[in-house]
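Note that the structure is a prediction, hence the values are computed from the model and not measured. Just so it is clear, the values below take in all heavy atoms, side chains as well, and ignore hydrogens, waters and symmetry mates. Within every chain, numbering begins at 1; the chains are lettered A, B, ... in the order of the sequence lines, protein sequences first and strands thereafter.
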Amino acid sequence: MKGKYIVKRILIAIPTFFGITLLAYLIMSMAPGSPLDALLADPRITAEELERRSQELGLDRPAIIQYFTWLKSFLMGDLGYSYSSHRAVMTMITERLGVTALLAGSALIVGIVVALPLGIFAASKPNSLRDYISGGLSFVMVATPSFFMGLLLIYIFAVNLGWLPSGGIFDSTGVKTNAMLLRHLILPCIVLAFQNIGSWVRYMRSSMLEVMQEDYIMTARAKGLHKWSVNLKHGLKNALIPVVTVVGMSVPSLVGGAVVTEQVFNWPGIGMLMVTAINARDYPVIMGITVIIAIAVLVVNLITDLVYGLLDPRISYR
Amino acid sequence: MSQPKKEKIQKASYAREVIDKLKAHKLAILGLCIWVLEILIVVFLPMIMNLDPYVSDYAAFDAPPSDTHILGTDSIGRDLFARLIYGGRTSLLVGILSTMISLIIGVPLGLLAGYYRGIVETVIMRVADVFMSFPSIVLILVLVSVLGPSIWSVTIVIGVLGWTSFARLIYANVLSVMEKEYVESARAVGTSDFWTIVKYILPNALPPILITVTFQTASAIITESSLSFLGMGVQPPEASWGNMLHDAQSITILSRSPWVWLPPGLAIVVTVLSINFFGDGVRDALDPKMKI
């Protein structure tokens, strides 16, 4: 039964993937400028030569045919070449994928480790001081744009206190150690985790409050179990189920947030590459990154669905 | 004859109940007041005061706050208070207009999906899923770069890509309203689809939309400021809160001239915070159990 469920989820992910890539491709094909513009700058270029190159790249065919040509080469691991650096897009992306994964992954973990206990803590005594403080904090976290948060943290911890570096992943000394990487990771990781923490705290809190009103909690209390045993073993276990979905659904915003955060902290990942490519109108690179992000998000969604199925036996694997 | 009258009284009392609950929510009222005050300031202050966000004061480049420039000047001598007010105009305008666009696109699509079900439902909701499963800021960046960044392209792109939250909410509400007897009886007496939707379904599915309007406006303001911060949104010399922070990407400005980037940043936080407080209050007043 479980195998069937997994297959079904994968089958749903596939049209989504085509939808996103087709959308991105069509948008890109509306873009002003063409790959031939660079050739036009050459005064010796002839009309025949241009025509030949245009046919080579398939530019004379309709956008939808071009999309399938693009898709075919993508499935063979070829994302084309950058207009500006003339390097293979696949190489440019794989070089930077690890750095972004490190940032986004650590932000995800920090977010979970901070938000879930804070939400449980707030729910343990609704309408108390602790509830209001955590509620107020999460409101501020949601309302602060990540770039402003980043600038504030750089101003305080890098410029004024000098505790942490203001950007990059290594010092300019040329020595590269993990400890150094970690020091550079702290601020961007906090910034990226911040926004999600705000909404996750509120979800955790309301989910916990809802579960605590269930009959089985009453039963557990009536059995004379210790308060925290009821809270954690019976309450938390059930309250976590919807939160897993919310955390999974936040992954797109985490990736989106990485674009801005990387720019603020000069973090040389996919997000920075994206902004550079957009400013240079480097469409093969933009398209390549869009596709990689789409795949990453879909894989994470798939994992979330499966975890959800594992956690909640009431989910029927239909 | 007495029937419609009674209906009216009940409706009024429901609205009254919601308003009373909202009044009791102090933070929501505070949020609403700040939000209205902000709109009044950015609309009317430039008419009263002589503010010019574009002209350079050649005697004061990058000057800290003083009597002539109460918030200081930027690196080319423009008055930062004037830019903050005009930037507020831009940011609030983009936030409100783009939310209206999302509403205009999302509500009809949600209605159609919920009312007709079947293939219409599948297509609309699948497309919504595709949009929601992708980081919107990335798609917005790509679209804006294709259209060329400006106030209008940013507004339209944020607006068009924001339709999913409205469509999903309306869709869910329509599904529950469709179960009600009055919809069934309206259809039984042969009311056309159009009138059933307009007269019976829409009015009952609409109130929660107010919550989405507030949250969407807040998030549109954040998106616009992020785009402008990255240089892909509102373009100088036009001011927006986001592009006022763009210069702070240079560590010199960040460390030496906090008056350049601190006020617009705080303005965004205060605005979004007050809108969200209001939205939260509206949600509690309408239905505290709702999860949006």
Visitor: Could you check whether any side-chain heavy atom of B/Leu262 comes within less than 4.5 Å of a side-chain heavy atom of A/Tyr155, counting everything from C-beta outward?
Guide: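 A side-chain contact is absent here, since even the closest heavy-atom pair is not under 4.5 Å.
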Visitor: Hey, can you tell me if A/Phe148 and B/Trp261 have their rings parallel, tilted or perpendicular (30° and 60° cut-offs)?
Guide: perpendicular
Visitor: First locate atom OG1 of A/Thr290, then atom CG of B/Leu139, and finally report the distance between them rounded to the nearest 0.5 Å.
Guide: 7.5 Å
Visitor: What part of A/Ile289 gets within 4.5 angstrom of chain B, counting heavy atoms only: side chain, backbone, both, or neither?
Guide: neither
Visitor: Based on non-hydrogen pairs under 4.5 Å, which of B/Ser226, B/Pro264, B/Pro149, B/Ala248 is most in contact with chain A?
Guide: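 Top count of heavy-atom pairs under 4.5 Å with chain A: B/Ser226.
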Visitor: Quick one: what part of A/Val140 sits under 4.5 Å from any heavy atom of chain B, side chain, backbone, both or neither?
Guide: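 Interface part for A/Val140: both.
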Visitor: B/Leu230, B/Leu27, B/Asp129: which one forms the most heavy-atom pairs within less than 4.5 Å of chain A?
Guide: B/Leu230
Visitor: Looking at chain B, which one of A/Ala158, A/Ala143, A/Gly19 has the largest number of heavy-atom pairs inside 4.5 Å, strictly under?
Guide: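 The residue among A/Ala158, A/Ala143, A/Gly19 with the greatest pair count is A/Ala143.
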Visitor: Please list, one pair per line, the donor and acceptor atoms closer than 3.5 Å that link side chains of residues 270-278 of chain A to other protein atoms, with sequence neighbours excluded.
Guide:
unit_1   : atom_1 : unit_2   : atom_2 : d
A/Thr276 : OG1    : A/Met272 : O      : 2.6

Visitor: Is any side-chain heavy atom of A/Val142 closer than 4.5 Å to a side-chain heavy atom of B/Leu273?
Guide: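 No; the side chains remain at least 4.5 Å from each other.
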Visitor: Are side-chain heavy atoms of A/Val264 and B/Phe229 found at a separation under 4.5 Å?
Guide: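 Yes - at least one pair of side-chain heavy atoms lies under 4.5 Å apart.
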Visitor: Report which part of A/Ile293 has an atom under 4.5 Å of a heavy atom belonging to chain B: side chain, backbone, both, or neither.
Guide: both
Visitor: For the candidates A/Thr144, A/Asn160, A/Val251, A/Leu151, which exhibits the highest count of non-hydrogen atom pairs separated by less than 4.5 Å from chain B?
Guide: A/Leu151
Visitor: Which distance, rounded to the nearest 0.5 Å, do you find between the CD1 of B/Ile251 and the CD1 of A/Ile154?
Guide: 5.5 Å
Visitor: Which atoms of B/Phe277 come close to chain A, meaning under 4.5 Å heavy atom to heavy atom: side chain ones, backbone ones, both, or neither?
Guide: both
Visitor: Pick one of side chain, backbone, both or neither for A/Val300, based on which atoms fall under 4.5 Å of a heavy atom in chain B.
Guide: neither
Visitor: Side chains of B/Ser145 and A/Asn279: closer than 4.5 Å at any heavy-atom pair?
Guide: no
Visitor: Taking CZ in B/Arg256 as the centre, count heavy atoms belonging to other residues, nucleotides or ligands within less than 6.0 Å. Is the count above 12?
Guide: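 Open.
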Visitor: On a heavy-atom basis, which atom in A/Gly256 and which in B/Ile137 lie closest, and how many Å separate them?
Guide: CA-CG2, 3.2 Å
